[in-house]
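Sequence lines set the chain letters: A, B, ... in the order given, protein chains first and strands last, and positions in each chain run from 1.
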There are 2 protein chains.
Amino acid sequence: MVSTFAPQAAGDLNFLKKLNRSSILATVRRYPGATRADIAARTQLTKATVGGVVQALLERGWLREGELQPRGGGRPGRALYLDDAHHVLLGADIGVRGLRIVACTLGGEVLLQRSVIQAPTTPDETAAHLAELIRAMRHDPLIADRHCLGLGVTVPGPVAPEQPILRLAPNLGWIDVAFLEVLRPHLPEFDGAWLLDNEANAAAFGEFYFHDGIPPESIVYISAASGIGSGMVTGDNFPLVPRGGQGLVGEIGHSIVQPGGLYCHCGNRGCAETLVSGWAIRAALGIADDENLEAAIMARGDDADVGITLRRAGEALGVLMLNLHHTLNPTTLVLGGSLMQLGERLIEPALAYFEAHQNDLLRGTQRVPVKVIHDSTYTAARGAAAQVMAKAALEA
Amino acid sequence: MVSTFAPQAAGDLNFLKKLNRSSILATVRRYPGATRADIAARTQLTKATVGGVVQALLERGWLREGELQPRGGGRPGRALYLDDAHHVLLGADIGVRGLRIVACTLGGEVLLQRSVIQAPTTPDETAAHLAELIRAMRHDPLIADRHCLGLGVTVPGPVAPEQPILRLAPNLGWIDVAFLEVLRPHLPEFDGAWLLDNEANAAAFGEFYFHDGIPPESIVYISAASGIGSGMVTGDNFPLVPRGGQGLVGEIGHSIVQPGGLYCHCGNRGCAETLVSGWAIRAALGIADDENLEAAIMARGDDADVGITLRRAGEALGVLMLNLHHTLNPTTLVLGGSLMQLGERLIEPALAYFEAHQNDLLRGTQRVPVKVIHDSTYTAARGAAAQVMAKAALEA
DNA sequence: GTAACTTAGTTAATAGGTTTAACTAAGTGG
DNA sequence: CCACTTAGTTAAACCTATTAACTAAGTTAC
C-alpha cells in the first residue's frame, strides 16, 4: 500500500517547508475564503509562518486575495482563494470506448473537455492520438497563456505500485505498458508532472480532492462500466491512494460474490463481474459488443428480461457496496461508471440492498451516504488532473 | 481512515526532530545491526544528524551499541540494536474466553506472558481483574526495574476511529465502552501511554512491526475465532492502521459470500461468519457453547460431518482471502485466531482455494505468501505492545 | 613497514525554517 | 474619542539539519 503524495518519513528543513506549504494550500482548498488567521488556527502554524508562505503563494499565482471577512469587533481578515487564473491542470482518460481529456483550474473547475470515440488500438497509436489532442487543446485561447502543471493519464486496469506501468488492461488488450514512456516522445515540448493511474483510483481521488465543501474523511468510488473496479482515498492534506503490493487494490470486479457461480473471463467462478458489468449484461441479454449498451437497452423498453437482468446486476452491486463497507468502511460511497446511465432499474436495487443491510452491525450509527454520478464521462480525467495538482502543490 | 501514528500534516522544528528520530529508530528495528552510516544512507539524513540522534537514543536506553561491522577497506562501523534491557512494553488482550497479558522488549521479545480463562463479565469487573494481573506482573523481577512505556489493550470488536471507545462486542455483551477510562481508576499508579484497539488490528500491527527481518510492504491479518475479523497495516516508518469512518475496517465477518445463504446474528444472510467462525461450526456440529471447540472436534475423530463442515469453513475462508487479495492486495497474508488450532482439515482447503484462484488475474506475478499462525494466543497482546512502542518512539 | 586509500564517525560553523514578541492595521462598542 | 478586539507584519531569537573539515580506524599496494 504505497501512497502517492504522502510525506516521506524523514526530512530536512526544506521538506518541512514543503509540508507546511502543502498544508496551507490544502486548507484553502477545503475552506475557500479562509483568512491567514483561519489557516493558522487550523494548521497549528503561527501567523508569522502562514503570512510568509501565503505571500509566496500569492506571488506565484497559486492563491489570490478576495474580499474582507468581517470579524466580530476586530480588524477583518482578507479572504484567500485558490488562484484559478494562472495555472492549468490536464487530465486524460483512456477508456475502452475512446479518449477523454480535461483541462481544469486549481479549484477543479473544468475549462475545456474533449471526448473522442475510438476502438482500442496499440499503445503507440493511442499515444499519438492523445498527443495530438492535447497539443490542440493546449493552444486553445482559454488556456494557452496559463502555466501547465502537468498531465495525469488514467487507464482501465491495475497500475504497478512503484513504477507508472499499466499491468494489464484486458479490455484494451494491453499488457505491461509504460504508457508515459510511450507518450513522452509524442509530446517532447511538454514539461510538468507526468502521472499514470488506474481509472477508478483517479476518479476517487478527484471526487475527494475537488469535493465541494469540506470533503469527507474517506471516499470509496465504485466504477461500474465494461468491467468493475474501485478506488479508495483518505487523508486530510495528503490524500492517500492505496495501491497494494501488485496494484490490485480495488479490483473488486473479481471478488467472489457467488461461489460456484458463472465462469468469469479471469478463470474463476462467481466473480462480481459475472453479474454486474457491461459484458455480463451484454451476455445475459445477447447484446453485441459493437452495439451501444445504453441504446440497446432503451430500445427494449419494459422487456421483462431486461428488468430481471438489471435488477440482478443492481443487487450484486449492492452486495459489493456492503462488502466494501465492511472491509474499508469509507465515510462516503460514490457510484460512477457508464453503467450508471442504464438508470434506476439498476441503481435502485443496489441502493435498496445497501440501505437495507448496511446498518445491522452498528445500530444507531449514521448511515453511510451514497452519491451516484449519473454521467461520469469526465470523472476519471478530472481525477487525474487533481493528482497533478496534489503533486505540484508539494513542489510549488 | 485515520492512521494511528502517522505524521501530522504541518509542523514545526520539534516535529521534524520527532520524525527523524522515529525514522532512525525504525531503521534500526528493521535492520538490526545497522551502523550510523547505514542509517544515514537509508534515511537520506546526513551523518551528522544521525550521529546526534543516535547519541541521544543511546543515553536514553533506546539503542545499544554492538560489535564492529567490518567494511571493505575502511574503518568499521559500530552495529546498533534496539536496547532490550531498559524498557518494557505491556499488551493485554480481552477475549471471549479470557485475558491474556504480555510484557515485551523494544524488539518484540516476550519477557512474560499470562493467560487467564474466564467467562465474559462486565467492563468494570474485567478491568479490576486485568489491573490486578498487570500489577502483579509489573512486580516480577524480570521487569520490575524497567521503565514501562505504556499499555495497549485489545478488544474483540470495532473501536471508534477518533476516540478509544469499543463500539460493540457482541461476544462480550459490551456496547460503547470507553474501556481505558474504566481501567484507569484501577491502575492509578500506572503512567505511560494507554491505547485501545481492535484485536485483529493490533495483531496485524504486531506481525508487521515485530516482523523478523525486513517486513513486507503491507500485511493483512485474518483473525478466525468465535467471530472473524481482519486488520491491515502498511507504511514504512509510520505503520498505518486504517480504521474507517466507524471503525468497521476489516469487519469481514459480515461481508456477504453467499447471497441468500444462512441467517447471521447480524440480521443479514450469507455473511462469512455463517460459514467460517466458531459459532457457525458449533451450530453445524451441535457443539455447546461451554464445550471446548477444539477438544469436541478432536473427540469426534474422523467423523464425516466434521470433515465436511471444516472443509466448507476452510473454503469460505479461502474466498475471504481471495476477496481481501482483490480489495486490499497486501504483500503478505497472515492467518491467525483460535480456529487455526482445528488443524489442516480447515486450513488446507483455505490455502488450496486461495492458491488455485489468486493468480488468474495477473499471470506471471509472484504469489502472495500466506503465513499461518497455528497458536496465536498472544499475537494480539503482543501487537498491542507493538503499538505502544510505535507511539512512544515518537515521544522518545 | 609505510604510504595511499577507504569508510566511519565527530565537530564547529553555516544555512534555513519556525517561533516569539513587539509592532502596525483596521475594525467595533461605549 | 478611547478602550478593546482581531488581523497581519516584522525583526530577533531559537532550533534543526547541513556543510565541510576533521579525527579514527581499518585495508591495500608497493
Quiz item: Looking only at side chains, do Ser218(A) and Thr331(A) share a donor and an acceptor under 3.5 Å apart?
Solution: yes
Practice problem: Would you kindly say whether Asn20(A) and Ser23(A) are connected by a side-chain donor-acceptor distance under 3.5 Å? | Solution: no
Practice problem: Select base, sugar-phosphate, or nothing to describe what Gly52(B) touches, counting heavy atoms under 4.0 Å on all strands. | Solution: nothing
Quiz item: When we call it a touch if two heavy atoms are under 4.0 Å apart, what does Ala37(A) touch: a base, just sugar-phosphate, or nothing?
Solution: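 Since only primed, P, OP1 and OP2 atoms lie under 4.0 Å of Ala37(A), the category is sugar-phosphate.
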Quiz item: Mapping Lys17(A) and Arg75(A) to their closest nucleotides on DNA chain C, which lands nearer the 5' end?
Solution: Lys17(A)
Quiz item: Taking for each residue the nucleotide of DNA chain C bearing the nearest heavy atom, is the 5' side occupied by Gly73(A) or by Gln69(B)?
Solution: Gln69(B)
Among [options], the one nearest [X] by side-chain distance:
X: Lys47(A); options: dG27(C), dT19(C), dA7(D); value: dA7(D)
X: Asn20(B); options: dA17(D), dT19(D), dG26(D); value: dA17(D)
X: Ala48(B); options: dT19(C), dG27(C), dT18(D); value: dT18(D)
X: Thr35(A); options: dT20(C), dT18(D), dG8(D); value: dG8(D)
X: Arg78(A); options: dG8(D), dT20(C), dT16(D); value: dG8(D)

Rounded off to whole Å, could you give me the [atom1]-to-[atom2] distance for the [X] and [N] pair?
X: Phe15(B); N: dC15(D); atom1: CZ; atom2: C1'; answer: 16 Å
X: Asn14(B); N: dT16(D); atom1: CG; atom2: P; answer: 6 Å
X: Arg71(B); N: dG26(D); atom1: CZ; atom2: C1'; answer: 12 Å
X: Lys18(B); N: dA17(D); atom1: NZ; atom2: P; answer: 14 Å
X: Arg36(A); N: dT6(D); atom1: CZ; atom2: P; answer: 19 Å
X: Leu45(B); N: dT10(C); atom1: CG; atom2: C1'; answer: 17 Å

Exercise. Could you tell me the separation between the CD atom of Gln55(A) and the CZ atom of Arg36(A), rounded to the nearest 0.5 Å?
Key: 6.5 Å
Quiz prompt | Verdict with reasoning, Arg243(A) to Glu217(B), per salt bridge (Lys or Arg N to Asp or Glu O under 4.0 Å) | solution = CA-CA 11 Å; Arg243(A) 288 161 203 292; Glu217(B) 275 177 33; over 6 Å; no
Exercise. Would you please classify the geometry between the Trp62(A) ring and the His87(A) ring as parallel, tilted or perpendicular, with 30° and 60° separating the classes?
Key: tilted
Quiz item: Counting just side-chain N and O atoms, does Thr49(A) come under 4.0 Å of either OP1 or OP2 of dT19(C)?
Solution: yes
Quiz item: Nearest nucleotide by nearest heavy atom, which residue falls closer to the 5' end of DNA chain D, Gln55(A) or Val53(B)?
Solution: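 Looking at the nearest nucleotide for each, Gln55(A) comes out on the 5' side.
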